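Data first, discussion second: the structure below is written as structure tokens.
Fair warning: this is a prediction, and the values are worked out from it, not measured in the lab.
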Amino acid sequence: MLGNALHALAGKIETRKNAVVVFNDLNWQRTNPVTIQLDEKTARNTLVKDPTGKPIASQLVKGENGYELQFIANEVPSLGYKTFYLSNGKSPQAAPASVKQHTNYYENEFYRITLSDGGIKNLFDKTLNREILNTTKFKGGDIINGGYQGNGAGEFTQVTPPTPGDLLAISSQVAHWQIVESGALFTTFENRQHMQHTEVIQQIRIYHTIKKIDMDITLTNFDGIHNRQFRMALPLEMDRFTINYEVPMGMVEVGKDEMKTVPGGWAWGGTYRQQPAEINPREIQNLISANGEGFGLTLSSCVAVADWVDPSREAVAYPVLQAILLSSHKSCHGLGNWYEQKGRHHYSFSLLAHEAGW
């Protein structure tokens, strides 16, 4: 249906040969990367031009399903489109001279970033003139592997917290960061590391000319051990803060927008007595955002459940945004099966530091 709609729209636009129509279906102007699937030979010899015919930067990416050519579509109007054109030629593939980078350091006009064991150690926002992360305990993008005794849909009267004291962060191990992609649009840093019961691949992609950081997490060869939970963490330098997250057709502010009375009713574990504002983690839609101390950080999400409370036994007071990646637990039915989730799991996120306000 989406493909048919886009073809119908593009078919009504007067274009020349080799046109790429980029349609923005949101009600605000957007500047975002665009990816085109091409064979390798064509991709290596293709130049992208903007609507005026001016060549623009692009970068060749080898994906799982072949080669892709990526470029930045600037200021595509709300509920509107821009038309780009492909022609023979080669785009410069080097990072801009203003970018400084080596195996664990990156700097552009927006951020100054240092990588260390576990992920991002320092994330300094140059436009806000402040450090975004508090990495005294966890790193930005840290992977948490913890015990978890919950079960299926039947959490009964209260969500089961992680097992106290049974938590391992990948930042406790030595990382081996390296640059695996560097071109005109972005640089990708990668760390491959063994963790108990799985292999972890962390990728951090930083765009040179737009304020955008992507984080990809892959858990490979997970052995399906029972009662484990994996999370990705972002600890923030905030003492006072609010948490907002997206729900269907709306946003919720934690501690403000929940039902004000206990749910009542009962389950096998007793009566539903917990105040809704105290419940964590939460089911979210596309984003979760923390705001306070004059700035905010928003994390886009490909997962269903997120948290902001430090899950360890000696919990910190500042927010630790977390994407819950997977849990290997038993069904709530007495005769039910285990959700082992063996194998490979891939997750993609974007993060953005900004002025306070979701």
Side-chain angles (χ1 to χ4, degrees), residues 33 35 40 43-44 57-70 91-126 131-133 135 138-145 168-222 230-235 299 302 323 325 344-351:
T35 299
E40 181 180 5
R44 291 188 184 280
S58 61
Q59 186 164 337
L60 183 65
V61 180
K62 190 178 187 306
E64 291 186 355
N65 301 314
Y67 282 83
E68 302 169 347
L69 191 66
Q70 192 171 122
S91 173
Q93 288 296 302
S98 58
V99 169
K100 301 174 183 178
Q101 59 184 12
H102 51 78
T103 52
N104 67 342
Y105 180 82
Y106 179 92
E107 183 175 354
N108 62 10
E109 63 179 297
F110 307 108
Y111 293 115
R112 188 163 58 242
I113 300 170
T114 305
L115 305 178
S116 69
D117 299 340
I120 300 175
K121 181 180 180 181
N122 300 106
L123 178 61
F124 186 84
D125 188 306
K126 296 166 75 171
E131 176 62 39
I132 301 301
L133 302 180
T135 57
F138 300 113
K139 301 300 187 294
D142 219 332
I143 306 301
I144 299 172
N145 175 351
L168 175 68
I170 203 170
S171 54
S172 64
Q173 303 170 217
V174 177
H176 304 282
W177 290 101
Q178 59 180 329
I179 294 175
V180 293
E181 293 176 309
S182 183
L185 298 189
F186 58 81
T187 293
T188 302
F189 296 85
E190 181 178 277
N191 174 46
R192 291 175 176 255
Q193 212 165 324
H194 176 76
M195 201 174 194
Q196 287 183 0
H197 312 295
T198 189
E199 303 290 330
V200 178
I201 304 172
Q202 296 170 287
Q203 285 194 335
I204 300 174
R205 175 178 288 182
I206 310 162
Y207 284 81
H208 303 317
T209 59
I210 58 175
K211 193 175 183 181
K212 179 175 172 61
I213 300 174
D214 293 344
M215 305 184 77
D216 281 20
I217 307 296
T218 306
L219 306 179
T220 66
N221 300 317
F222 176 55
F230 288 82
R231 302 184 176 201
M232 189 273 286
L234 282 169
L299 176 70
C302 69
L325 307 179
R344 181 180 184 276
H345 303 269
H346 179 78
Y347 311 89
S348 296
F349 308 93
S350 287
L351 62 93

Decide yes or no on side-chain contact (heavy atoms from CB on, under 4.5 Å) for Phe189 and Gln203, but give the supporting numbers first.
-> CA-CA 6 Å; Phe189 296 85; Gln203 285 194 335; over 6 Å; no

Check: [Y] and [X] side chains under 4.5 Å, non-hydrogen atoms:
X: Ile213; Y: Leu123; value: yes
X: Thr218; Y: His345; value: no
X: Ile113; Y: Ile206; value: yes
X: Met215; Y: Leu351; value: yes

Would you please test Ile120 and Leu133 for side-chain contact (heavy atoms from CB on, under 4.5 Å) and show each step?
-> CA-CA 8 Å; Ile120 300 175; Leu133 302 180; 3.8 Å; yes

Could you grab the distance from atom [atom1] of [X] to atom [atom2] of [Y], nearest 0.5 Å is fine?
X: Ile201; Y: His346; atom1: CD1; atom2: NE2; result: 9.5 Å
X: Thr220; Y: Arg192; atom1: OG1; atom2: CZ; result: 7.5 Å
X: Ser98; Y: Glu107; atom1: OG; atom2: CD; result: 9.5 Å
X: Phe186; Y: Arg205; atom1: CZ; atom2: CZ; result: 3.5 Å
X: Leu60; Y: Ser91; atom1: CG; atom2: OG; result: 10.5 Å
X: Leu185; Y: Thr209; atom1: CG; atom2: OG1; result: 6.5 Å

Steps toward side-chain contact (heavy atoms from CB on, under 4.5 Å) verdict (Val99, Tyr106) | CA-CA 7 Å; Val99 169; Tyr106 179 92; 3.4 Å; yes

Will you find, in the side chains of [X] and [Y], an N or O donor that is under 3.5 Å from an N or O acceptor?
X: Thr103; Y: Gln178; value: no
X: Asp117; Y: Ser171; value: no
X: Thr188; Y: Glu181; value: yes
X: Gln196; Y: Asn145; value: no

Has Lys126 got more than 12 heavy atoms of other residues, nucleotides or ligands less than 6.0 Å from its NZ?
->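 Yes, enclosed.
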
NZ (Lys121) with more than 12 external heavy atoms under 6.0 Å |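 Count not over threshold, so no.
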
Non-hydrogen atoms of [X] and [Y] that approach each other most closely:
X: Ala95; Y: His208; value: CB-NE2, 3.7 Å
X: Ala175; Y: Ser116; value: CB-O, 3.9 Å
X: Lys139; Y: Pro235; value: O-CD, 3.5 Å
X: Phe230; Y: Ile143; value: CD2-CG2, 4.3 Å
X: Lys211; Y: Phe110; value: N-CE1, 3.6 Å
X: Ala233; Y: Ile144; value: CB-CD1, 3.9 Å

Would you sort out whether Thr187 and Gln101 count as a side chain to side chain donor-acceptor pair (under 3.5 Å), showing the intermediate values?
-> CA-CA 9 Å; Thr187 293; Gln101 59 184 12; 2.6 Å; yes

Would the distance check show the side chain of [X] and the main-chain N or O of [Y] forming a donor-acceptor pair, the cut-off being under 3.5 Å?
X: Gln173; Y: Gln193; value: no
X: Glu199; Y: Leu219; value: no
X: Tyr347; Y: Leu325; value: yes
X: Thr114; Y: Asn122; value: no
X: Thr198; Y: Met195; value: no

Run the side-chain contact (heavy atoms from CB on, under 4.5 Å) check on Ile204 and Gln202 step by step: do they pass?
-> CA-CA 7 Å; Ile204 300 174; Gln202 296 170 287; 5.7 Å; no

Is any NZ, NE, NH1 or NH2 atom of the basic residue among Asp125 and Arg112 found under 4.0 Å from an Asp or Glu carboxylate oxygen of the other?
->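 Judged by the 4.0 Å cut-off on N to carboxylate O distance, Asp125 and Arg112 do not form a salt bridge.
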
Please confirm whether Lys62 makes a cation-pi placement over Tyr67, using NZ or CZ under 6.0 Å from the six-membered ring centre and within 45° of the ring normal.
-> yes

From the options Gln59, Gln70, Lys212, select the one residue that forms a side-chain hydrogen bond (donor to acceptor under 3.5 Å, both in side chains) with Tyr207.
-> Gln70

